[in-house]
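Report on the following structure.
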Amino acid sequence: MSSSPALDVSAVAPLKHGEAMRLLEAELQLTIDVLAQLGPAEWTAQTACPDWDVRRMYLHVLGACEGSASVREGLHQLRVANKRRRADGGALEANLSAVQVAERESIDAVQLVEALRKVAPKTVKARKRLPGFIRRWAKVSVDSPVVEKWTIGYLVDTIYLRDLWMHRLDATDATGRSPSFSAEHDGRIVANVVSEWARRHGQPFTLELTGAAGGKFANGRYVNGNGGESIVIDAAEFCRVMSGRAPGVGLLATAVPF
């Protein structure tokens with residue numbers, strides 16, 4: 001384990017709206033850069049999401065971006081997803097994703113990249129302009145992977161960013177490419193995951209995250225209280241486990257929504 005001092009996890013600042021929007025803008029560009037490099041066979045590679053190859057996964061991402069960029073489109077997606085849920089059951093999130101994919105199934109890979117490139121700045125602008133009182137006080141009920149009520153601010157600033165980031169990792173995993181990680185960008189997103197994971201289980205631990213995505217704070221070393229589990233794990237693998245893409249034991253069995 002590294003000899004650098006560990007950071008008390010309580011010192012990891014929550015994501016503020018402005019910072020989250022800067023990270024979102026950068027993550028959208030990183031995503032577009034990855035997709036622009038993919039060959040035809042890579043678009044059909046199976047991802048960690050059972051129902052999706054790479055193209056369908058990004059049809060979901062495109063739909064989510066378009067739903068944020070346009071109030072009319074966002075309400076349409078929710079209306080159809082709720083109708084589908086009443087008919088077939090299942091979690092709202094899963095039905096919403098299915099609607100986003102189904103309604104864009106005719107879009108090919110080239111069109112998808114261009115559509116995402118076009119909508120990305122509109123998505124950032126729309127999310128950035130959400131009034132503070134809506135972000136703080138409006139809530140939405142979720143039923144997967146946890147049953148909770150989330151503020152719109154948490155959904156927009158945290159969950160949408162994590163989802164986009166995790167899908168970039170899904171795409172590079174599926175295609176055998178090496179993800180491009182930086183301590184400043186990816187490390188900040190991962191630190192936010194660590195902070196929430198610590199709050200959700202509330203137990204003492206020492207955690208060392210290896211790899212470039214773990215290195216923004218204290219070289220990826222975090223501590224909570226005294227004693228507890230001592231965990232060393234690659235930062236990307238940590239997030240795979242947190243998101244349910246890989247199994248976790250002990251404190252790593254505590255899920256974090258993505």
Side-chain angles (χ1 to χ4, degrees), residues 23-70 72-74 76-81 83-85 88 90-124 126-127 144-145 155-156 159-181 185-186 189 213 236-237 239-240 242-246 257-258:
L23 290 167
L24 172 67
E25 186 173 17
E27 186 57 39
L28 280 166
Q29 187 57 58
L30 288 166
T31 293
I32 292 166
D33 290 345
V34 168
L35 299 184
Q37 298 173 22
L38 298 184
E42 291 174 299
W43 283 98
T44 64
Q46 178 62 47
T47 72
C49 305
D51 294 335
W52 296 341
D53 59 12
V54 172
R55 185 182 70 90
R56 287 188 173 90
M57 184 173 70
Y58 279 102
L59 292 179
H60 148 64
V61 170
L62 176 62
C65 287
E66 291 178 341
S68 288
S70 163
R72 182 177 181 180
E73 174 61 22
H76 162 74
Q77 291 180 17
L78 279 173
R79 185 170 58 251
V80 177
K83 181 179 179 180
R84 180 185 177 119
R85 184 188 184 194
D88 302 330
L92 176 59
E93 185 274 337
N95 280 288
L96 181 60
S97 296
V99 168
Q100 292 163 345
V101 173
E103 292 188 344
R104 290 160 181 79
E105 191 63 70
S106 64
I107 297 176
D108 65 26
V110 173
Q111 293 168 331
L112 199 164
V113 175
E114 289 310 306
L116 193 56
R117 196 189 308 276
K118 182 177 180 180
V119 79
K122 298 177 184 177
T123 301
V124 175
R127 292 179 184 173
S144 178
L155 180 67
V156 169
I159 296 299
Y160 286 170
L161 175 61
R162 280 182 194 162
D163 182 71
L164 182 64
W165 181 86
M166 195 70 222
H167 286 323
R168 178 161 60 94
L169 182 56
D170 290 334
T172 54
D173 284 347
T175 58
R177 292 175 174 263
S178 297
S180 177
F181 287 148
H185 175 78
D186 305 277
I189 294 171
E237 185 63 17
C239 290
R240 291 186 187 96
M242 293 298 99
S243 66
R245 286 162 170 80
F258 272 74

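What's counted below: heavy atoms across the whole structure, side chains too, no hydrogens, waters or symmetry copies. The first residue in the sequence is number 1, and the count goes up from there.
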Side-chain heavy atoms of [X] within contact of [Y], under 4.5 Å:
X	Y	result
Trp43	Val113	yes
Glu25	Leu28	no
Arg56	Asp51	no
Leu35	Leu38	yes

If only atom types and distance count, is the side chain of [X] paired as donor or acceptor with the main-chain N or O of [Y] below 3.5 Å?
X	Y	result
Ser97	Ala94	no
Arg162	Pro257	yes
Tyr58	His167	yes

Legend entry - Reference residue Arg104; test side chain to side chain donor-acceptor pair (under 3.5 Å); the match among Gln111, His60, Glu66: Glu66

Legend entry - Option from Glu73, Arg127, Lys122 for which side chain to side chain donor-acceptor pair (under 3.5 Å) with Ser68 holds: Arg127

Shortest non-hydrogen contact from [X] toward [Y]:
X	Y	answer
Arg117	Ala36	NH2-CB, 4.5 Å
Met57	Cys49	SD-SG, 4.5 Å
Leu116	Cys65	CD1-SG, 4.0 Å

Rounded to the nearest 0.5 Å, how far does [atom2] of [Y] lie from [atom1] of [X]?
X	Y	atom1	atom2	value
Leu92	Arg84	CG	CZ	11.5 Å
Leu164	Leu24	CG	CG	6.5 Å
Leu62	Arg55	CG	CZ	11.0 Å
Asp108	Glu114	CG	CD	10.5 Å

Legend entry - Any residue meeting side-chain contact (heavy atoms from CB on, under 4.5 Å) with Ala174, in chain and number order, not counting sequence neighbours: Ala45, Thr47, Val54

Inset, instruction - Decide side-chain contact (heavy atoms from CB on, under 4.5 Å) for His185 and Leu23; before the verdict, give the C-alpha distance in whole Å, the side-chain angles of both, and the deciding distance to 0.1 Å. - result: CA-CA 7 Å; His185 175 78; Leu23 290 167; 3.5 Å; yes

Legend entry - Carboxylate-amine/guanidinium contact Arg245 Glu237, below 4.0 Å: no

Inset, instruction - Could you note down all residue pairs passing side-chain hydrogen bond (donor to acceptor under 3.5 Å, both in side chains) where residues 171-180 supplies at least one of them, sequence neighbours left out? - result: Gln37-Arg177, Glu42-Arg177, Asp173-Arg240

Inset, instruction - Step by step, work out the side-chain contact (heavy atoms from CB on, under 4.5 Å) result for Phe181 and Leu169. - result: CA-CA 10 Å; Phe181 287 148; Leu169 182 56; 3.9 Å; yes

Inset, instruction - Step by step, work out the side-chain contact (heavy atoms from CB on, under 4.5 Å) result for Glu93 and Ile159. - result: CA-CA 12 Å; Glu93 185 274 337; Ile159 296 299; over 6 Å; no

Inset, instruction - Could you point out which residue of Gln100, Glu105, Glu103 forms a side-chain contact (heavy atoms from CB on, under 4.5 Å) with Leu59? - result: Glu105

